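Data first, discussion second: the structure below is written as structure tokens.
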Amino acid sequence: MNRTLLHVLIWSMLLSPLCTTAQSDTLIRKKDRKKDIKLTTTMGVMVLRLSDSTPLHRDNFIRLVKTHYYDSTLFHRVIKNFMIQGGDPNSKNAQAGQPLGNGGPAERIPAEFRATLFHKKGALAAARDNNPEKASSGSQFYIVQGKVFSDAGLDSVETYRLQGRKIPPAEREVYKMLGGAPQLDQNYTVFGQLVRGFEVLDSIAGTPTSRGSDRDRPITDCRILKAELIKRRK
């Protein structure tokens, strides 16, 4: 084996647990929880506000932002009228056409379903694999674009996607006026909301995507250049 390559592999093995430790040991101050998250992307700026009612997800997201985990990652899965997904560390240096979506910390975050948090347009939620506890990925997230629903459409979602669970009247009005993805409610943890940059969300969601082995990956990379904590506007 090439000596340079061997050194790279050794340092990667040594640094990987150190990076994980650095993230878990990162101090979160009380004032951090009163700030918003600014995502500067190649298509513009989005600002997210985290929910205090989902403290496990809130603190995990803050910790990852403070350690620059999301810097240079891609929105690797984009589906128009549904959502944009990011947070896979393997996407930082991914080659064109490379399938993505399996990267991230080994630890899952326990589900934090809240009746007041639902998948309206702009909802920030945690991605996950198909585990029975519905625990979340340690880093991957998505922002809902969704679509506007009619009453008949919401009735169908209740019957076929929510196993008969009724969507509260106030939420139905939001889904009819603003839109969203009600089929995901109480199945994936919503832990925040987009407060600025809806036009950027729509731009990313509308970008052409692959139909190959890297299905739903934007053909032209949509990258998070920087994620940072910023002072919250009133």
Side-chain angles (χ1 to χ4, degrees), residues 20 22-41 44-77 83-89 104-105 107-128 134-146 171 174 178-182 184-202 204-205 222-234:
T20 302
Q23 289 157 12
S24 61
D25 290 346
T26 299
L27 179 64
I28 297 178
R29 297 177 174 85
K30 185 176 181 180
K31 65 179 181 180
D32 292 335
R33 299 187 176 107
K34 300 301 180 183
K35 293 183 178 181
D36 288 337
I37 308 295
K38 178 182 177 182
L39 298 183
T40 302
T41 80
V45 172
M46 293 183 286
V47 177
L48 299 161
R49 184 160 298 168
L50 307 183
S51 175
D52 290 332
S53 64
T54 52
L56 299 178
H57 286 75
R58 176 200 62 198
D59 287 358
N60 181 70
F61 203 73
I62 290 173
R63 186 175 295 110
L64 293 173
V65 168
K66 291 187 70 172
T67 55
H68 305 286
Y69 187 95
Y70 292 122
D71 294 2
S72 296
T73 57
L74 301 177
F75 283 103
H76 64 271
R77 182 171 178 244
M83 58 89 227
I84 62 174
Q85 183 174 331
D88 182 350
E107 300 81 6
R108 294 188 178 117
I109 307 169
E112 293 181 290
F113 300 144
R114 303 290 182 261
T116 55
L117 299 175
F118 56 100
H119 284 80
K120 63 183 177 181
K121 184 174 183 178
L124 169 66
R128 65 172 176 82
K134 299 181 180 179
S136 302
S137 161
S139 67
Q140 292 196 39
F141 66 93
Y142 59 92
I143 303 172
V144 175
Q145 183 193 38
E171 292 180 20
V174 174
L178 180 64
L184 302 181
D185 285 346
Q186 304 304 307
N187 278 299
Y188 296 80
T189 296
V190 175
F191 64 98
Q193 177 68 31
L194 184 68
V195 293
R196 295 200 302 279
F198 280 85
E199 73 285 355
V200 179
L201 167 63
D202 289 338
I204 296 174
C222 298
R223 192 176 300 277
I224 298 173
L225 301 173
K226 185 177 183 181
E228 59 188 314
L229 296 174
I230 61 169
K231 184 176 180 180
R232 181 176 295 177
R233 292 184 186 178
K234 298 296 184 181

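No experiment lies behind these values; they were computed from the predicted model shown. Along the sequence shown, residues carry numbers from 1.
- Rounding to the nearest 0.5 angstrom, the gap separating the CD1 atom in Ile37 from the CG atom in Leu124 is 9.0 Å.
- Across Leu194 and Arg196, no two heavy atoms sit closer than the pair CD1-O, 3.2 Å.
- The side chain to side chain contact (heavy atoms under 4.5 Å, CB included) search around Ser137 returns Ser139, Gln140, not counting sequence neighbours.
- Side chain of Asp88 to main chain of Thr73: no donor-acceptor pair is present (N/O by atom type, distance under 3.5 Å, no hydrogens or angles).
- To the nearest 0.5 Å, atom CZ of residue Phe113 and atom NZ of residue Lys134 are 5.5 Å apart.
- Met46 approaches Gly197 most closely through the heavy-atom pair CG-O, 3.6 Å.
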Give the intermediate values and the outcome of side-chain contact (heavy atoms from CB on, under 4.5 Å) for residues Arg58 and Asp52.
CA-CA 7 Å; Arg58 176 200 62 198; Asp52 290 332; 3.1 Å; yes

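- Taking both residues in full, the closest heavy atoms of Pro105 and Tyr69 are given as CD-OH, 3.3 Å, listed atom of the first, atom of the second, then distance.
- Ring-plane geometry between Phe141 and Tyr70 is classed as perpendicular, the angle between the planes exceeding 60 degrees on a 0 to 90 degree scale with a lower cut at 30.
- Of all non-hydrogen atoms in Ala205 and Gln145, the two that sit nearest each other are CB-OE1, 3.3 Å.
- With Thr54 contributing its side chain and His57 its backbone, the two residues share no donor-acceptor pair below 3.5 Å.
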I'd like a table of donor-acceptor pairs (distance under 3.5 Å, sequence neighbours excluded) in which one partner is a side-chain atom from residues 116-123, with atom names and distances.
| unit_1 | atom_1 | unit_2 | atom_2 | d |
| --- | --- | --- | --- | --- |
| His119 | ND1 | Asp185 | OD1 | 2.8 |
| His119 | NE2 | Tyr142 | OH | 2.7 |
| Lys121 | NZ | Asp202 | OD1 | 3.1 |
| Lys121 | NZ | Asp202 | OD2 | 3.2 |

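- Distance check: Leu201 CG to Ile143 CD1 gives 6.5 Å after rounding to the nearest 0.5 Å.
- For NZ of Lys226, the number of neighbouring non-hydrogen atoms (other residues, nucleotides, ligands) closer than 6.0 Å is 12 at most.
- To the nearest 0.5 Å, atom CG of residue Leu56 and atom CD of residue Glu112 are 4.0 Å apart.
- By the side-chain hydrogen bond (donor to acceptor under 3.5 Å, both in side chains) test, Asn60 is found to be paired with no residue, residues two or more places apart in sequence or in another chain being considered.
- For the pair Gln85 and His76, the minimum side-chain heavy-atom distance is below 4.5 Å.
- For the pair Arg128 and Tyr188, the cation-pi test (distance below 6.0 Å, angle within 45°) is passed.
- Taking Ser51 as the reference, Ser53 meet the side-chain hydrogen bond (donor to acceptor under 3.5 Å, both in side chains) condition, with sequence neighbours excluded.
- Gln193 contributes no side-chain N or O that, together with a main-chain N or O of Leu48, makes up a donor-acceptor pair within less than 3.5 Å.
- Considering NZ of Lys31 and NZ of Lys231, their distance stands at 12.0 Å, rounded to 0.5 Å.
- Under the side-chain hydrogen bond (donor to acceptor under 3.5 Å, both in side chains) criterion, Lys66 pairs with Asp32, not counting sequence neighbours.
- The side-chain hydrogen bond (donor to acceptor under 3.5 Å, both in side chains) test applied to Arg232 returns Asp36, not counting sequence neighbours.
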CA sep, side-chain torsions, deciding dist, call: Leu74, Ile224, side-chain contact (heavy atoms from CB on, under 4.5 Å)
CA-CA 6 Å; Leu74 301 177; Ile224 298 173; over 6 Å; no

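- Among Ile109, Thr26, Ile28, the single residue meeting the side-chain contact (heavy atoms from CB on, under 4.5 Å) criterion with Asp59 is Ile28.
- Under a cut-off of 6.0 angstrom, the local environment of CZ in Arg33 is crowded, with over 12 non-hydrogen atoms contributed by other residues, nucleotides or ligands.
- Between the OG1 atom in Thr41 and the NZ atom in Lys38 there is a gap of 11.0 Å [rounded to 0.5 Å].
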